[in-house]
Amino acid sequence: MRITNVCCIGAGYVGGPTMAVIAQKCPHVKVTVVDLNADRIAKWNDPDVDNIPVYEPGLGEIVAHSRGKNLFFSTEVDNAIDEAQLIFISVNTPTKTYGSGKGMAADLKYIELCARQIARVSKGDKIVVEKSTLPVRTAEANKNILDNTGNGVQFQILSNPEFLAEGTAVEDLLSPDRVLIGGENTEEGKKAIQALVDIYANWVPKERILTTNLWSSELSKLTANAFLAQRVSSVNAISELCEKTGANVSEVANAIGMDSRIGNKFLKASVGFGGSCFQKDILNLVYISKSFGLQEVADYWEQVIIMNDHQKRRFSKNIVSTLYNTVADKKITFLGWAFKKDTNDTRESAAIYVADDLINEQANIAVYDPKVNYNQVLSDLDYLETRAAESNKKHTISFSDPYEACKNAHAIAVLTEWDEFKEYDWQRIYDAMLKPAFIFDGRNLLDAKKMNEIGFVFQAIGS
Ligand SMILES: NC(=O)c1ccc[n+]([C@@H]2O[C@H](COP(=O)([O-])OP(=O)(O)OC[C@H]3O[C@@H](n4cnc5c(N)ncnc54)[C@H](O)[C@@H]3O)[C@@H](O)[C@H]2O)c1
C-alpha cells in the first residue's frame, strides 16, 4: 500500500518534530498533526516560526519548509483520522497519579481515548502506529478496542517508538541511529510494516530500519531509556565517591570512556537526569517487572531512580551546608531551568527539585534560562504541591538578563548546560556578587581553574 495521507494525534515534543521531518522528506505525503490543545495548535500555526511551542535547533526552518504545503496543524481530530491511511498516536503517557499503579505505571487513558476515537471515526481500513512510549503488550489492548468497537473495518497495529533526544531532535530525526518498527507476523501485518518502512526509506538507509515483533519493539524503547538513565546514575554514584576520595569524576569518566566496550557517551556526572521520559519509563519497567513477580528485576532498575533522587537532594543539601548552614533570605541564582540545553522543556528538570529544597529553607531563587519564562518556573513549582502558590511566587523571581540575575547573589547554581554560560564575563559577575561568591556547578560546565582564579568559591559535582 502506498501511503499518501498520514495523521498524527498529539502535537507535542515528539509529534511536532517527527511529523515536520516526515513532511519535509516525503513531499508526496500529506501530514496532518492534530491535538486537543487549541493553544498549542495555534502556536504551531504562528506565522513567525520563532513562536512554535517546541524549541529545538533547526526545527523552525523545517516547519516553515512544509507548513501549508503538505504539513498541517489542526484541532479537527475526527477529520484528520477519517482522511488518513496511517495514524501515528503520539500522545503523552505520564506516570499514573491515582488508583492502582499510582506513581509507577504508565497512565494509558490518553492512548485508550485515541484508540476509541479512531475506532468510532474510521470508515475504511487503517494502519495505527504507536509512536508514544508504551508498556509492553499495549498493542494487544489497542487491537482489542479497535476490533471490538470499530465499524467493522480492518486495523493493523504497529509499534514505532521514537528515539529522538530533546535538544538534538532534528539531527536525530534526519539521521537516526535506527528506526524500529514492530508488527504482527501475518500477511496483513507484514504489508503494514512495509508501508511504514517505505515512508522512512525516503531518507533513512535501509540497514538502519529494523523490523521486529510488536512486543520486542515496545520493550526495546523502555530498555533503551533504562540503559541510558542507568549510565547517568552509575557515573553519579561514582561522583559522590570521588568527592570523598580526591579522585575527579571527569578524569575517571574520561579514563573509562576510552574503553571501547564502555564508550564515552553519557558519562558526564551531573545534578541528575530530568526530562519527561527517563523516570517515567523506568518506573513503568519496574511496575511491569513487579506485575510479573520479578522482584529482583524491579529492584535493580528502581535503584537508578533512587540514585537520581539522591543526587538532586545531595546537591541542594551541599548548597545549604556550604553557605554556613543557612540560606534563609539569601539570593541564590539558578543558571538554567530546562532539563537540558537546547530545549524549552522543563518536565522533571533537576532545577525544580533543587529549588523546592532551597525554598523549604526559605532561600530566594533568581532564575535565568534563555528559553524558559517565569510562568513556567512557577507552574513547575506549583505542580509539586509542596506549598501555596503565593509562597512559590514570594521566593522566586526570574530575569531575562543573566548579569541582573546574578547581581547581589550569595551563590550561583548551574542547573542546565547551556553553552552561553561558558561565554559570560565571569569577572563582571563576580564583582557584582556578595562575597564570598559561591558557584555550585551541577553540570560540570565551567572551567574550575578560571573560576578559582577570579576568586569564586567553586564546587563542581564529583571533584
Ligand atoms: N519527549 C521526548 O523526548 C520523547 C522521546 C521519545 C518518546 N517520547 C514519548 O512520546 C510520547 C509523547 O511525548 P511528548 O513529549 O511529545 O508529549 P507532550 O505532552 O509534549 O505531547 C502530547 C500531546 O498529546 C496531546 N493529546 C493527548 N491526548 C490527546 C487526544 N486524545 N487527542 C489529541 N491530542 C491529545 C496533548 O494535548 C499534548 O499536546 C510519550 O509517550 C513519550 O514517552 C517522548
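In listed order, ligands and their atoms are each counted from 1. The basis for the numbers below is simple: all heavy atoms, side chains too, and nothing from hydrogens, waters or symmetry mates.
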### Query
Under a 4.0 Å heavy-atom cut-off, which residues neighbour ligand 1?
I9, G10, G12, Y13, V14, D35, L36, N37, R40, S90, V91, N92, T93, Y110, C114, S132, T133, E162, L164, E166, K221, S276, C277, K280, R347
Atom pairs and distances, donor-acceptor, side-chain atoms in residues 6-31, under 3.5 Å, two or more places apart:
{"unit_1": "Y13", "atom_1": "OH", "unit_2": "N344", "atom_2": "OD1", "d": "2.9"}
{"unit_1": "T18", "atom_1": "OG1", "unit_2": "V14", "atom_2": "O", "d": "2.4"}
{"unit_1": "K30", "atom_1": "NZ", "unit_2": "E83", "atom_2": "OE1", "d": "3.2"}

### Residue pairs fulfilling ring-ring contact (aromatic ring centres under 6.0 Å, His included) with at least one residue in residues 86-114, sequence neighbours excluded
none
### Query
Less than 4.0 Å between a side-chain N and a carboxylate O, is that true for E390 and K394?
no
### Message
Within the 3.5 Å criterion, strictly below it, is a donor on R178 or S220 matched to an acceptor on the partner's side chain?
### Response
no
### Message
So if I apply the side-chain hydrogen bond (donor to acceptor under 3.5 Å, both in side chains) rule between E130 and each of N160, T93, N142, which one comes out positive?
### Response
N142
### Message
My understanding is that only residues two or more places apart in sequence, or in another chain, count here; which of them pass salt bridge (Lys or Arg N to Asp or Glu O under 4.0 Å) with D50?
### Response
none
